[in-house]
Amino acid sequence: MSYHKEFIKNGERLNGRKLSELRVPEVDIGQNGELTISAGDTKIFIKISSEISKPYDDKPNEGILIINNDIDNDILSRIVEKSIRKSNALDLESLVISTGKICWIIKIDLNILNFDGNLIDYCILGIMINLLLYKLPNYDIVDNSIKLYNLDEKAPISLSILHIPICFTISFYNPSTIEMNLKSDEVFEISLFDADKQEEDLRDSYMVITLNSNKEIIQLSKLGGIPINSVEVLKLCEICYDKAKEMTQWIKDVVKKEEEKTSDRVKMLAAVDQR
Amino acid sequence: MTSKIYPGETLPLQKDVNITLGPGAYKNPITQEIIPVSAGLLHCKTNKKQTNQLVYVETKSKRYIPKLNDFVVGVVNGTLGESYKVSLQEGSNNVLLSFMGFPNATKKNRPNLKNGQAVYARVSQDVSEIDIEIECIDPTTGKEGGFGVLDESGFIFEVSLNFANELLFNSSSIYFEKLSEKCKFEIAIGLNGKIWIKCGEGMKYDDNNELLPSSLNDMKYTVAAANYLKNCQFISKSQIDQSLKDSFKHLS
């Protein structure tokens with residue numbers, strides 16, 4: 001037995017957080033779609049870029065969204081894919097400029113700079129904040145060709161985000177032996193939110209839930225590990241929903257603050273122009 | 001004396017003294033020239049008799065490269081022939097701890113270590129082209145000398161390499177003095193950035209494998225002490241008192 005397990009059994013964690021307490025992420029927003037999100041020692045750099053291209057032949061009225069990550073992790077990329085692309089968080093149809101001919105490609109590059117647990121949650125959180133802040137240059141179609149405008153010529157366009165998926169990873173710990181857990185209905189697994197690196201190493205199983213503030217579950221995956229009571233899973237979904245609402249509000253606050261900052265800058269530039 | 005230094009700059013070396021190279025200093029085997037190979041704070045210390053000069057560069061690095069006679073905390077990972085495989089740092093190659101690397105060990109009387117157990121040892125062979133070896137014997141006396149198995153009641157945590165260096169070698173550092181005001185503790189500092197610590201009795205079990213009720217408190221003190229030391233890496237000396245208070249504030 002380790003210090004971690006004994007602490008968790010007693011409802012405490014080594015890092016001083018409560019079992020269901022999340023870390024407060026820090027977001028550092030750069031220019032041109034660059035963003036760094038960090039929580040604890042986990043640090044992810046996310047870059048969004050866009051270019052003009054041709055839509056896929058079988059989907060003529062959809063734009064293209066590509067999510068790359070620099071570590072070769074199937075679970076991470078699959079869950080991010082499910083949560084963001086398949087849930088239609090980004091309205092791909094709004095990326096089409098001319099059906100079947102021209103559309104925007106949005107590329108999201110994830111660079112994992114440091115790992116201290118819970119990559120999936122913070123990747124999705126960072127991507128969503130970045131997508132909400134990202135601006136495409138404004139354009140016009142002149143004589144069958146596209147004319148792009150600079151930021152100061154014409155106000156850029158925001159992406160159309162249909163909903164904000166929020167992801168939670170819940171780690172499970174078995175307080176007794178595996179046999180007890182299989183046979184008995186009285187042994188309950190201890191669930192823990194936002195595990196750090198050491199807690200992730202020790203966990204017996206985990207579940208990833210993505211949901212949004214409309215109480216829609218986008219994906220739920222639990223890949224192996226100890227069995228979990230279904231009532232317990234429903235309870236956890238309920239807790240996640242409450243947390244998702246808070247998180248959505250937090251994201252909106254971050255985005256609003258940043259947009260105020262940029263609009264201040266635009267105003268200042270305009271004032272300089274007038275002089 | 002400390003100053004900033006970058007790779008390739010000239011070191012302020014004295015003439016006609018023995019020079020001891022520490023981390024960050026490198027001697028070109030062909031030209032015999034000594035140059036710094038990492039950027040950081042340069043430490044140059046000369047002893048009182050002006051016969052020996054110590055040169056090293058303090059950098060904030062994470063990766064540990066074993067050097068001869070370094071004290072390390074390792075975790076047993078498995079066995080390989082006549083030795084244990086010991087991990088000094090996650091993601092690095094395992095090093096070897098021979099069954100004979102313990103005091104009083106013979107072919108028949110071999111130590112019994114399980115996977116996951118921690119040992120405090122000395123690097124006895126650091127040629128990186130072959131397997132690096134560690135041993136739990138003090139080479140001068142041939143006895144235990146403080147090395148050996150670290151029991152499971154303690155807690156292992158990680159700090160940066162330069163901080164471990166500071167804790168182990170800087171006798172004038174005040175971190176432990178302050179900590180001793182709060183609790184009594186036993187500690188083993190590895191230069192690989194792993195530190196083993198135990199306050200009071202640490203994590204103790206009774207015969208039925210149940211946690212002793214008194215030991216939860218000791219465990220909390222141990223973790224608080226570990227958190228305090230981890231925090232000390234990032235603060236200035238004036239903030240140490242506050243950090244100590246914060247780490248222990250939830251304990252009576």
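All of these numbers come straight from a predicted model, not from anything done at the bench.
- Remark: Lys107(A) NZ is loosely packed, at most 12 non-hydrogen atoms of other residues, nucleotides or ligands lying under 6.0 Å away.
- Distance OH/Tyr205(B) to CD/Glu6(A): 3.5 Å, rounded to 0.5 Å.
- In this structure, chain A has a heavy atom under 4.5 Å from the backbone of Ser153(B), while its side chain stays farther away.
- Under a cut-off of 6.0 angstrom, the local environment of NZ in Lys43(A) is sparse, with at most 12 non-hydrogen atoms contributed by other residues, nucleotides or ligands.
- Heavy-atom neighbours of Asn10(A) CG from other residues, nucleotides or ligands within 6.0 Å: above the threshold of 12.
- By the neighbour-count criterion of 12 heavy atoms within 6.0 Å, atom CD of Glu26(A) is sparsely surrounded, having that number or fewer from other residues, nucleotides or ligands.
- Of all heavy-atom pairs between Asn114(A) and Lys62(B), the closest is ND2-NZ, 3.6 Å.
- There is no contact between Lys230(B) and chain A, counting heavy-atom distances below 4.5 Å.
- A pairwise comparison of heavy atoms in Asn227(B) and Leu14(A) identifies ND2-O, 3.4 Å as the closest pair.
- Interatomic distance, Glu90(B) CD to Asp201(A) CG, rounded to the nearest 0.5 Å: 8.0 Å.
- Other residues, nucleotides and ligands place more than 12 heavy atoms under 6.0 Å from the CG atom of Asp253(A).
- Note that the NZ atom of Lys5(A) and the CG atom of Leu211(B) stand 14.0 Å from one another [nearest 0.5 Å].
- Within a 6.0 Å sphere centred on OH of Tyr6(B), heavy atoms belonging to other residues, nucleotides or ligands number 12 at most.
- The minimum heavy-atom distance between Tyr3(A) and Met203(B), with the atom names listed, is OH-N, 3.5 Å.
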